[in-house]
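Computed over heavy atoms, backbone and side chain alike; hydrogens, waters and symmetry mates excluded. Proteins come first, then strands; the chains are lettered A, B, ... in the order of their sequence lines, and each starts at number 1.
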There are 2 protein chains.
Amino acid sequence: MSEAAGKRSFSRRPRAERMEQIEAAARDVFSRNGFAAASISEIAAGAGVVEGTIYKYYENKRDLLLTVLQRWYESMIADYVDQLAGVAGLRNRLRFVIWRHLKSIKDNPDLCRLFYAEVRGSDDYYESTLYRLNREYTNVLMRILRDGMAAGELRPDLSIALVRDMIFGGIEHHVATFLARRGELDVERAAEQLTDMVMAGIVQPPPAPASLGLEAAVRRLERVAERLDPPARGEQQDTGPC
Amino acid sequence: MSEAAGKRSFSRRPRAERMEQIEAAARDVFSRNGFAAASISEIAAGAGVVEGTIYKYYENKRDLLLTVLQRWYESMIADYVDQLAGVAGLRNRLRFVIWRHLKSIKDNPDLCRLFYAEVRGSDDYYESTLYRLNREYTNVLMRILRDGMAAGELRPDLSIALVRDMIFGGIEHHVATFLARRGELDVERAAEQLTDMVMAGIVQPPPAPASLGLEAAVRRLERVAERLDPPARGEQQDTGPC
DNA sequence: TGGATTTGATGAACTTCATTCATTACGCTC
DNA sequence: GAGCGTAATGAATGAAGTTCATCAAATCCA
């Protein structure tokens, strides 16, 4: 124990500030190496701190990861609802949700990979704050779907939850090669295709795309007939308010 | 070094047999504890072997996991194509693929969880045998979709890969709560709903949903004609069996 | 202002595992 | 049954997460 040379001197920071430093370093190291290959010592070095200090603020390595991802999720949700408020129409809103999800994946592939691989699917996930945030996030889509159903724009026999699963699951599988750094991700194109595919599946086909035009045509022909044979029998029952 | 008491005595098995023992034990321990919490020592004990022995057969812990999952995947694929050959019709074949995937998840949730959490999404996955097996597995679906497209049963503008992603991604998200031991999985029901949802999305709408309405329209036009030329010729041929 | 108290920070020690390796012994062949 | 190839051993190694007794900076208070 050679404490003769120089006594150690360290900077002492308020709790919040130090946590920011640690979380920033953790985010960086986790992003670059993944969870398993990330070492507490590297995170500590990045934060200008010693290993033991980290355990003053976080239960363990995993707790630190969850905190980092939680911050990210919170920032994702922040202006979500507000932005969506500016989008009108079922299809546009659906497309926006899909587009925004794709975009956040493209913007933060590393954190996304961590969430997919390390958090979701682990035992403690359903008790975590991250799970609650995820519910909040996906509930935005659920509400859109419910509204669309109530408005008669969607098939009434749909399982809303299954639609959600297909959308987020489809997105996740679609971005897999991108997340593996083995392919590009065209957000616009994917959003368009996915929206189209989901819509064409869940949108109730309009009663008669051709029948309106046809209806009008027949109407006019019937009127022609009436001119020839003025007072015919009343036959305008299935046209609605005539 | 107290080797006085009793010299150690161990059973010496042929390579293949010992590997089976180890893999069986590994499958069990991995299934119960997950990858991280599974210890080589427990696997070794289960196989009636000492830790070091395992490294005579497998590179490392992860290689052992991959081998276990590989065996499972191989057994899954074994009779897949044969079974599918007995199913006719696009919708039935699609439903069978979805149903079978759901069923294999329900039958082996633990291995499935391992695959989702530990393998798929890791760096070396795309170079692994497991990836090739997965491609082989999903290609069965791809072929069905291509055939359906060639036959004009599916929309020609579809991205086949995206349909695949929506199906397998949708399934994965749907079974998440089951895999987390927090819900049941109704294979039949889910298969039906998913098939329906996907089909209604990707199936080209029958040429004329309005054709019935057209039938009515023609009817009315015929009546118009009758007004003009009262006793017309008999023209009820396209009404089906009259 | 200066001592007491609180709390941030330290870093060495501890623990748990995966992994390695020098050594041992089983089983087969000539 | 001697010798050889290979299966098997188990103690040693090393890396990484976690703990803890100790110290010091900041704050409080008389």
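When side chains are defined from C-beta on, M149(B) does not count as touching E153(B), because their heavy atoms never get closer than 4.5 Å. Side-chain contact between M166(B) and L194(A) is present, with heavy atoms from C-beta onward closer than 4.5 Å. Side-chain contact between E118(B) and F30(B) is absent, with no heavy-atom pair separated by less than 4.5 Å. Using a 4.5 Å heavy-atom threshold, the side chains of L64(A) and N60(A) count as separate. Between F115(A) and L111(A), every side-chain heavy-atom pair lies at or beyond the 4.5 Å cut-off. Annotation: side chain of N134(B) is not in contact with side chain of L130(B) (no heavy-atom distance under 4.5 Å).
The CZ atom of R13(B) sits 12 Å away from the P atom of dT9(D) (whole-angstrom rounding). Atoms CD (E51(A)) and P (dG11(C)) sit 10 Å apart, rounded to a whole Å. Regarding N60(B), its CG atom lies at a distance of 18 Å from the P atom of dC17(C), rounded to whole Å. L65(B) has its CG atom 15 Å from the C1' atom of dA18(C), to the nearest Å. The CZ-P distance, from R62(A) to dG17(D), rounds to 14 Å in whole Å. The nearest whole Å value for the distance from the NZ atom in K56(B) to the C1' atom in dT24(C) is 12 Å. For Y58(B) and dA7(D), the OH to C1' distance is 14 Å, given to the nearest whole Å.
Counting only distance, with no hydrogens or angles, the side chain of R120(B) and the backbone of A176(A) share no donor-acceptor pair below 3.5 Å. D196(B) contributes no side-chain N or O that, together with a main-chain N or O of E192(B), makes up a donor-acceptor pair within less than 3.5 Å. With D186(A) contributing its side chain and R189(A) its backbone, the two residues share a donor-acceptor pair below 3.5 Å.
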Using the 3.5 Å cut-off, write out each protein N or O paired with an N or O of nucleotides 13-15 of chain D and the distance between them.
none

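Counting non-hydrogen atoms under 4.0 angstrom, K61(A) reaches the backbone sugars and phosphates but no base. Within the nucleic acid shown, Y57(A) comes within 4.0 Å of sugar-phosphate atoms alone, with no base atom in reach, counting heavy atoms only.
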Start with the C-alpha distance between Q21(B) and R13(B), add both sets of side-chain angles, then the distance that settles side-chain hydrogen bond (donor to acceptor under 3.5 Å, both in side chains), and finish with yes or no. CA-CA 10 Å; Q21(B) 292 176 333; R13(B) 298 282 163 211; 5.7 Å; no
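The only member of Y126(A), Y73(A), Y137(A) that meets ring-ring contact (aromatic ring centres under 6.0 Å, His included) when paired with Y131(A) is Y126(A).
Comparing V49(B) and R12(A) by the nucleotide of DNA chain D whose heavy atom lies nearest to each, the residue mapping closer to the 5' end is V49(B).
Checking the phosphate oxygens (OP1, OP2) of dT20(C), no side-chain nitrogen or oxygen of Y55(B) falls inside 4.0 Å. Here T53(B) does not reach the OP1 or OP2 of dA7(D): none of its side-chain N or O atoms lies under 4.0 Å away.
Listed by residue number, the members of residues 15-48 of chain B with any heavy atom below 4.0 angstrom from DNA chain C are A38(B), S39(B), I40(B).
Counted by atom type alone, E136(A) and Y80(A) present zero donor-acceptor pairs between their side chains at under 3.5 Å.
The end-to-end axis angle of the helix from dT1(C)-dA30(D) to dC30(C)-dG1(D), rounded to 10 degrees and based on five pairs per end, is 10°.
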